[in-house]
Every structure is written in structure tokens, then in C-alpha cells.
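To start, the structure itself, in C-alpha cells.
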Amino acid sequence: MMNAMKIVWNQILYFPLIIRMVKYGDQSTYQNFFLGQAWKIINPILQVSVYFVIFGLGLRNMNQGGDPWTYASWMMLGMAMWRFMNEAIMNGSQSIKKQIGMVSKMKFPLSILPSISIASAIWTFIALGTISTIFIYVGGSTINSHWPWVFYYFFAAVCLSYSFALLNSTIVILIPDYISILRLVMSMGMWLAGVIFRIDSVDNVVGDVLRLSPFYYVVDGIRDAWLKSDYMFESHFQTGTIIFWSTVVLFLMLGSFLHLKFKKDFMEYL
């Protein structure tokens, strides 16, 4: 537990540096693009639009009809949360391996590198969340009165992303092939978290298990807060909350232990 508290304290202590590193990284990445950093917003919107055309206007409504704007707002909000976590986790998991040389020159804790990746991914969430909100009003609906809960679920997503990325960042260095397994898991995660299809329709043991997953908790939780109340989600809220935060604490404690144990040997493994 002391290792975890030390890691968390570093994130708070070096928060100003994290923000500066995000700004520097964005400027460096997009400096040769005509539209510059606007691509941080344009790129996720273009990519997610493909899912909307296929599942919102195509397969989903081919036989059952329905309002595509309602589905678009539902899917976009779930995709906003999922793509934020996916980008944060994947980039955060490789951040130490890719940037350890820079850290050796600048002298700051390796543990803040996943946080830099998470902060950089926030624009993806903002862009898709904004589009989702526009679709809500285009479809004639309004934001749920429980909208302040969005801040809780976003905070929960940040905690999950950081704890998982910290754990992965050490394993990726110790076992290079692990990154391929992680990509597969995250690719499957989008479907298992109910980003595109409603897990509520899976009324069996498989559905019950999926509804208790940490990723489903934040994806459907933010929909419950921003769009409209979901009875199925709320019926599992207490159990889901216990499982979610237990998972976050487990990832953080294990990730902190491995990080502090092997960080002095990272250069040898690389």
C-alpha cells in the first residue's frame, strides 16, 4: 500500500510537469500538419463515424428501424469513454519503454509517463462527448438531470486507465510479447464493454458477468448519467462499484510494486 501511495503522490506533485509535457508532445507531433492540433479532434470523429454509418444507419436499422440520432448519441458517448481509455492504456503501457531515455536526461519519476499519455487522450473524450451531446438535442432529447455523475465516472476511468497502464508498462518491458496480448484484449474489450451493442439484451449468465466488468461500469455509467437512467445498470451499481474499485486498487498495488521493484533495471531489459 505504501508503494501505491508513493506513486499517487508523485502524480500530484508533478502534475504541472505532466501538463507541460502534454503541451510539448502535442506541439511536436502535429507541428508539420496543416491543421495542426485540430487533428486531435478530427481524427477520432472521422474514425467513429464509420461505426455510426455501419451500425447506426446500416445493420442496426435494416430490419428494426429506430431513430438513428438516439443510437448515435448513445454510441458516441460510449465510444468517447472507450477510446479515451483505450488510447490512455495502450500509450501509457508503452510510455516508459519508449521514453525512458528522455527521463534519464530530465530526471523526473518514470511513474508519471502513463499520466502524460492519459492527459493527452482527454481530447478524444471531449471531441466525441461533444458530438454525442449535439446528437442528443438533434434527436429532440435533453441531458439527464443526473449529469454531475459524469465527473465521477470520468475520474473512475482515469483511475482505471492509470492503474492498468502502470501495471502493463512494467510487464511490457519484462516481457516484450505482452504488448501483442494487450492489443488483442483491448480490441475485444470494445465489444465486451457494450460500446456498440447493448449488453442489456444479453439476459443470461454471460450478460451478468459482462455487466460486472470494470470497463462496462464506466462506459454504461456515463451513459446512465448523461443520456437517461438505465434500470439494468443501476440494479448492478452497488456490486459493480465494489468490483470496479477493488480492481483499480489491485492493479495499482501490483503495478506500483512491480514498477518500484524493477525500475532500476529497466535499461538492462531494454
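Values below: every heavy atom of this structure, side chains too, minus hydrogens, waters and symmetry copies.
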Using 0.5 Å steps for rounding, measure from the CE atom of M81 to the OG1 atom of T124. 12.5 Å

If every non-hydrogen atom of L252 is compared with every non-hydrogen atom of A4, which pair is closest and at what distance? CG-CB, 3.9 Å

So do the side chains of L192 and F215 get within less than 4.5 Å of each other, counting heavy atoms only? no

Determine whether a donor-acceptor pair (N or O, by modelled atom type, separation under 3.5 Å) exists between the side chain of S120 and the backbone of I116. no

Other residues, nucleotides and ligands only: do more than 12 of their heavy atoms fall within 6.0 Å of CZ on F237? yes

Side chains of T241 and Y217: any donor to acceptor distance under 3.5 Å? yes

With the 4.5 Å side-chain cut-off for hydrophobic clustering, are I89 and V185 part of the same group? no

Check whether S169 reaches the backbone of L166 with its side chain - one donor and one acceptor, N or O, closer than 3.5 Å. yes

Drop me the distance from D230's CG to S235's OG, to the nearest 0.5 angstrom. 8.0 Å

If you measure from CZ on R83 to CE on M90, what distance do you get to the nearest 0.5 Å? 12.5 Å

Can you find a pair of side-chain heavy atoms, one from L182 and one from I179, that are under 4.5 Å apart? yes

Using a 3.5 Å distance criterion without hydrogens, assess whether the side chain of N144 forms a donor-acceptor pair with backbone atoms of D224. yes

Under a 3.5 Å threshold, yes or no: a donor from one side chain and an acceptor from the other, between Y216 and D220? yes

When rounded to the nearest 0.5 Å, the distance separating CG of L258 from NZ of K263 is 13.5 Å

Using the rule given for side-chain contact (heavy atoms from CB on, under 4.5 Å), can you reason through M186 versus W82, listing the C-alpha separation, both sets of side-chain angles and the distance that settles it, and then say yes or no? CA-CA 10 Å; M186 296 305 293; W82 173 256; 3.7 Å; yes

Heavy-atom side-chain contact between S229 and H146 under 4.5 Å: yes

List the steps, then state whether ring-ring contact (aromatic ring centres under 6.0 Å, His included) holds for Y71 with F135. CA-CA 9 Å; Y71 175 74; F135 286 161; over 10 Å; no

Do I196 and M190 make a side-chain contact, defined as non-hydrogen atoms from C-beta onward lying under 4.5 Å apart? yes

Using a 4.5 Å cut-off on heavy atoms from C-beta on, say whether the side chain of F154 contacts that of V218. no

Is there a side-chain contact between N3 and M253 in this structure, where contact means two heavy atoms from C-beta onward sitting under 4.5 Å apart? no

Are L113 and F15 connected, step by step, through hydrophobic side chains (Ile, Leu, Val, Met, Phe, Trp, Tyr) whose heavy atoms are closer than 4.5 Å? no

When you group the ILVMFWY residues by side-chain heavy-atom contacts below 4.5 Å and let the links chain together, are I173 and I181 in the same group? no

Are side-chain heavy atoms of Q11 and S111 found at a separation under 4.5 Å? yes

Testing the 3.5 Å rule here: is there a donor-acceptor pair between the side chains of W226 and T133? yes

Check step by step if side-chain contact (heavy atoms from CB on, under 4.5 Å) holds for Y162 and I7. CA-CA 11 Å; Y162 179 79; I7 293 293; 3.1 Å; yes

Nearest non-hydrogen partners of P176 and K97, listed with the distance: CB-NZ, 4.2 Å

Any chain of hydrophobic side-chain contacts (each under 4.5 Å) joining I118 to I126? yes

Looking only at heavy atoms, what is the nearest atom pair of A119 and V22, with distance? CB-CG2, 3.5 Å

Nearest heavy atoms of A121 and F84, plus distance in Å: O-CD1, 3.5 Å

Take atom OH in Y137; do more than 12 heavy atoms of anything else shown fall under 6.0 Å from it? yes

Check whether any side-chain N or O of S73 sits under 3.5 Å from a backbone N or O of I136 as a donor-acceptor pair, and report yes or no. no

Would you check if the side chain of S132 reaches a backbone N or O of L128 as a donor-acceptor pair within less than 3.5 Å? no

Spatial distance of atom CE (M2) from atom OG (S256) [nearest 0.5 Å]: 11.5 Å

When rounded to the nearest 0.5 Å, the distance separating CD1 of I96 from CG of N168 is 10.5 Å

Checking T239 side chain against H236 main chain: does a donor-acceptor pair fall under 3.5 Å? no

Does F151 CZ have over 12 foreign heavy atoms under 6.0 Å away? no

Applying the 4.5 Å side-chain criterion to the ILVMFWY set and letting contacts propagate, would Y152 and I242 be lumped into a single cluster? no

For F251, which of W245, F244, F164, F257 qualifies under ring pair (Phe, Tyr, Trp, His ring centres under 6.0 Å)? F164

May I ask you to check whether S117 and N91 show a side-chain donor-acceptor distance below 3.5 Å? no

Closest heavy-atom pair, G129 versus A80, reported as atoms and distance to 0.1 Å, is N-CB, 3.7 Å

At their closest point, which heavy atom of F233 faces which heavy atom of G221, and how far apart are they? CZ-CA, 3.4 Å

Side chains of L77 and I222: does their closest heavy-atom pair fall under 4.5 Å? yes

